[in-house]
Structure formats: C-alpha cells, structure tokens
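Computed from a predicted structure; not experimentally measured.
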Amino acid sequence: MPLVTIDLIEDVFTPAQKRELIEKVTEAMIAVEGEALRPVTWVRINEVAEGDWAIGGKCLRAADVHALKAGKAA
C-alpha cells in the first residue's frame with residue numbers, strides 16, 4: 001500500500017490545486033504500480049505553518065512562495 005506525502009506551506013495552494021496534486025500524483029503512482037493498486041494508493045497533504053519551514057536558515061512564508069511563483073525574489 002503506497003503512501004505519498006506532500007508537504008506544503010499553508011495558504012500557498014488553493015483547495016482546487018491541492019485536489020489536482022492528489023489526482024495527478026495518484027495517476028503517476030498508478031502508471032508505475034498498476035491499476036490494481038489504485039484502491040490502496042494513498043496521497044496526503046501536510047500543511048506546515050508559515051515560519052515553520054526554512055531553507056538555508058531563512059523562514060519561508062506563503063507570500064515568499066507566491067513571490068517566487070511570480071518570478072520575484074523571495
């Protein structure tokens with residue numbers, strides 16, 4: 001029974017985007033493991049509070065990720 005966990009910073013992705021992530025990750029797993037394992041393929045999203053996630057010692061906020069998506073420096 002595969003379990004895929006996706007960690008995200010809160011307020012970066014909309015509910016619709018998270019559903020799309022779940023659907024597409026599930027499809028990717030099924031493409032590798034086969035259709036028979038669809039009923040037991042789990043995908044979960046863990047959302048981490050802003051400031052509880054850091055890269056290179058710099059805490060990230062949702063606004064930082066949105067700025068990166070827009071092509072601006074965080």
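- Across all their heavy atoms, Gly51 and Cys59 have their closest contact at O-SG, 3.5 Å.
- The shortest non-hydrogen separation linking Leu8 to Phe13 is CD2-CE1, 3.4 Å.
- Ile22 meets the side-chain contact (heavy atoms from CB on, under 4.5 Å) test with Thr26, Val43, Ile45; sequence neighbours excluded.
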Q.
Between Glu35 and Arg38, does the salt bridge (charged side-chain N to carboxylate O under 4.0 Å, His left out) criterion hold? Intermediate values first, please.
A. CA-CA 5 Å; Glu35 186 64 39; Arg38 182 182 296 275; 2.5 Å; yes
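- Counting only residues at least two apart or in different chains, salt bridge (charged side-chain N to carboxylate O under 4.0 Å, His left out) contacts with residues 40-51 comprise Lys18-Glu47.
- Taken to the nearest 0.5 Å, the CD atom of Gln17 stands 10.5 Å off from the NZ atom of Lys24.
- At a threshold of 4.5 Å between side-chain heavy atoms, the hydrophobic network of Ile, Leu, Val, Met, Phe, Trp and Tyr places Leu37 and Val4 in two separate groups.
- Cluster membership check: Val32 does not share its hydrophobic cluster with Leu21, using side-chain heavy-atom separations under 4.5 Å among Ile, Leu, Val, Met, Phe, Trp and Tyr.
- Across every non-hydrogen atom of Ala49 and Glu10, the tightest pair is CA-OE1, 3.7 Å.
- Cluster membership for Val25 and Val48, using ILVMFWY side-chain heavy atoms within less than 4.5 angstrom, is shared.
- Evaluation of the side-chain contact (heavy atoms from CB on, under 4.5 Å) rule for Ala16 yields Thr14, Arg19 as partners, not counting sequence neighbours.
- In this structure, Ile30 CD1 and Thr41 OG1 are separated by 3.5 Å, a value rounded to the nearest 0.5 Å.
- Minimum heavy-atom separation, Lys58 to Asp64: NZ-OD2, 3.8 Å.
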